[in-house]
Protein chains: 2
Amino acid sequence: MREPGPDKQEAILATALTLFTERGFFGTPTSLISKEAGVATGTLFFYFKTKEDLIDTLYRQVKSEAALAMCRGIEKEKTAQAKLQRLGHNAVAWGIQNPAKMKFMEQFAHSPFVSTSAHEEGMSHFLFLKDLVQDGIKKGEIRTVEPMLLFCMMASAFSGLIASASLAETADERVKIIDEGLDFIWNGMKA
Amino acid sequence: MREPGPDKQEAILATALTLFTERGFFGTPTSLISKEAGVATGTLFFYFKTKEDLIDTLYRQVKSEAALAMCRGIEKEKTAQAKLQRLGHNAVAWGIQNPAKMKFMEQFAHSPFVSTSAHEEGMSHFLFLKDLVQDGIKKGEIRTVEPMLLFCMMASAFSGLIASASLAETADERVKIIDEGLDFIWNGMKA
DNA sequence: CATCCTATTGACTGACCAGTCAATTTACGT
DNA sequence: ACGTAAATTGACTGGTCAGTCAATAGGATG
């Protein structure tokens with residue numbers, strides 16, 4: 001009788017992600033989430049104390065997944081430039097392959113109502129990036145600028161690049177856009 | 001007896017702007033908007049058919065104001081570079097001087113529920129930018145890249161720069177950040 | 001003053017929705 | 001089989017909120 005598959009909790013999270021990106025946090029009633037996930041209303045509130053708790057959990061999960069994907073393989077690279085370029089490719093690739101998660105994160109980041117703690121925890125995943133930049137500056141590979149400025153500008157430039165690359169129609173075109181976009185960013189920061 | 005001052009309609013729009021940036025679209029009941037604006041509930045719906053209509057109107061108004069501020073004086077500049085740099089300064093200055101409007105626009109841009117028509121109308125104010133970029137490419141001042149990519153990346157880089165500059169504590173520091181940030185952008189696009 | 005149109009009011013309504021809870025089922029250890 | 005705790009159910013509730021409407025006021029015009 002019992003579905004063997006993954007937890008209902010996971011089903012709820014996955015369904016919520018889709019619905020939130022389609023209809024926004026407030027446009028998505030919890031009743032719809034549970035219905036689409038194939039569980040009862042009560043079950044949702046068994047796993048998550050409140051709706052906000054659900055959103056928070058989802059955000060932490062997605063953000064740490066994104067951070068993990070971005071870091072993949074950068075320890076193998078030696079120069080700061082190579083590390084940053086690898087990181088850029090990772091970030092853009094992840095963003096394009098996970099449009100829903102990307103949209104969710106952006107929506108969340110610009111919502112004024114969300115818990116500051118989740119915001120800060122989210123940021124913390126990317127602090128290594130600031131160190132990386134500082135390292136690059138010390139070694140003379142990167143221009144001498146306020147690291148926080150570079151951090152902000154990189155983050156937003158990535159988001160613009162992902163948005164732009166997602167519009168591409170063919171795979172070739174997309175690769176070209178990504179390369180050009182990463183070039184744009186690197187030209188901006190190199191010494 | 002009659003308040004001589006500006007329309008109630010304007011009071012509603014101004015109040016809505018503040019409340020939306022503080023509490024989000026959905027976290028702000030229309031009843032609160034009318035109360036804070038000093039008008040009755042009915043008055044709000046006399047001027048705006050629905051809540052969405054109010055948000056839409058506000059968006060169009062803010063966006064066109066932003067576009068106007070950005071363009072100020074660019075016709076006086078001759079080269080594409082000078083035009084773009086003037087535009088950059090204008091954009092950042094406006095964003096810093098109007099944090100509420102800035103926040104509102106970003107929130108709106110990332111909300112999945114809003115009318116596509118407003119989105120498109122908003123974009124249309126900035127199409128001249130694409131032409132400007134294309135012109136710069138033709139004259140060899142700007143690298144040969146997909147204009148849409150440049151457009152997206154400039155827009156997001158501006159937003160990152162404004163966010164970063166808003167964090168500055170002293171005016172001097174802010175000027176430095178803005179100059180560095182605009183440099184970053186220009187280095188990324190110049191031929 | 002009578003007529004008409006626009007602006008304004010706020011009590012009210014119908015719908016919706018987050019979260020509760022008592023009852024039921026499942027899983028598992030003994 | 002039995003007991004127990006965790007998981008699951010869905011009807012229900014209390015509150016909230018977008019939008020309505022009948023009533024009123026003000027100003028303009030003749």
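Lettering of chains follows the sequences in order, A, B, ..., and the numbering in each one begins at 1. Since this is a predicted model, take the numbers as computed values, not measurements.
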Task: d(CG, D7(B); P, dA7(C)) in whole Å - done: 9 Å
TODO: For atom CD of E169(B), decide whether the heavy atoms of other residues, nucleotides or ligands shown that lie under 6.0 angstrom number more than 12.
DONE: no
- [ ] Could you state the atom-to-atom distance from CZ of F45(A) to P of dC17(C) in whole Å?
- [x] 12 Å
Open item on the list: Using a strict heavy-atom distance below 4.0 Å, which residues from residues 13-27 of chain B are in contact with DNA chain D?
Closed with: none
- [ ] Rounded to the nearest angstrom, tell me the gap between atom CD1 in I12(A) and atom P in dA7(D).
- [x] 12 Å
TODO: Would you name the heavy atoms of E77(B) and K83(B) that are closest together and state the gap between them?
DONE: O-CE, 3.4 Å
TODO: Would you kindly give the CG-to-P distance between L44(A) and dT20(C), to the nearest whole Å?
DONE: 12 Å
TODO: Measure from the side chain of K8(A), starting at C-beta and using heavy atoms only, and say which of dT8(D), dG19(C), dG19(D) lies closest.
DONE: dT8(D)
Open item on the list: For the aromatic rings, using the six-membered ring if either is Trp, is the centroid distance between F25(A) and F25(B) under 6.0 Å?
Closed with: no
- [ ] Would you kindly confirm whether W186(A) and V175(A) end up in one hydrophobic cluster when ILVMFWY residues are joined by side chain heavy atoms under 4.5 Å apart?
- [x] no
Task: Protein-nucleotide distance (K51(A), atom NZ; dT20(C), atom C1'), rounded to Å - done: 17 Å
Task: Backbone N/O of R72(A) and side chain of N90(A): donor-acceptor pair under 3.5 Å - done: yes
Open item on the list: Whole angstroms only, please: what is the CD-C1' distance between Q9(B) and dT8(C)?
Closed with: 14 Å
- [ ] Report yes if at least one side-chain N or O of T30(B) is closer than 4.0 Å to OP1 or OP2 of dC17(D); otherwise report no.
- [x] no
Open item on the list: Can you tell whether the side chains of D56(A) and R60(A) come within less than 4.0 Å, N to carboxylate O?
Closed with: yes
TODO: Would you mind building the protein contact string for nucleotides 10-16 of chain C? One character per nucleotide, 5' to 3', B for base within reach (heavy atoms under 4.0 Å), S for sugar-phosphate only, - for untouched.
DONE: BB-----
TODO: Using a 4.0 Å heavy-atom cut-off across all strands, classify F48(A) as base, sugar-phosphate, or nothing.
DONE: nothing
Open item on the list: Between F20(B) and F26(B) (judged by ring centroids, cut-off 6.0 Å), do the two rings come close enough to count as a pair?
Closed with: no
- [ ] Using only side-chain N and O atoms of Y47(A), determine if any of them is under 4.0 Å from OP1 or OP2 of dT8(D).
- [x] yes
Task: Rounded distance in Å - CD1 (I55(A)) to P (dG19(C)) - done: 10 Å
Identify all side-chain donor-acceptor contacts of residues 152-159 of chain A below 3.5 Å with residues at least two apart in sequence or on another chain.
unit_1, atom_1, unit_2, atom_2, d
S156(A), OG, C152(A), O, 3.1
S156(A), OG, M153(A), O, 3.3
S156(A), OG, S156(B), O, 3.1
S159(A), OG, E106(A), OE2, 3.2

- [ ] Give the rounded distance in Å between these two atoms: CG of L54(B) and P of dC17(D).
- [x] 16 Å
TODO: Locate the shortest heavy-atom distance separating I162(B) from V92(B); write the atom from each residue and the value.
DONE: CG1-CA, 3.9 Å
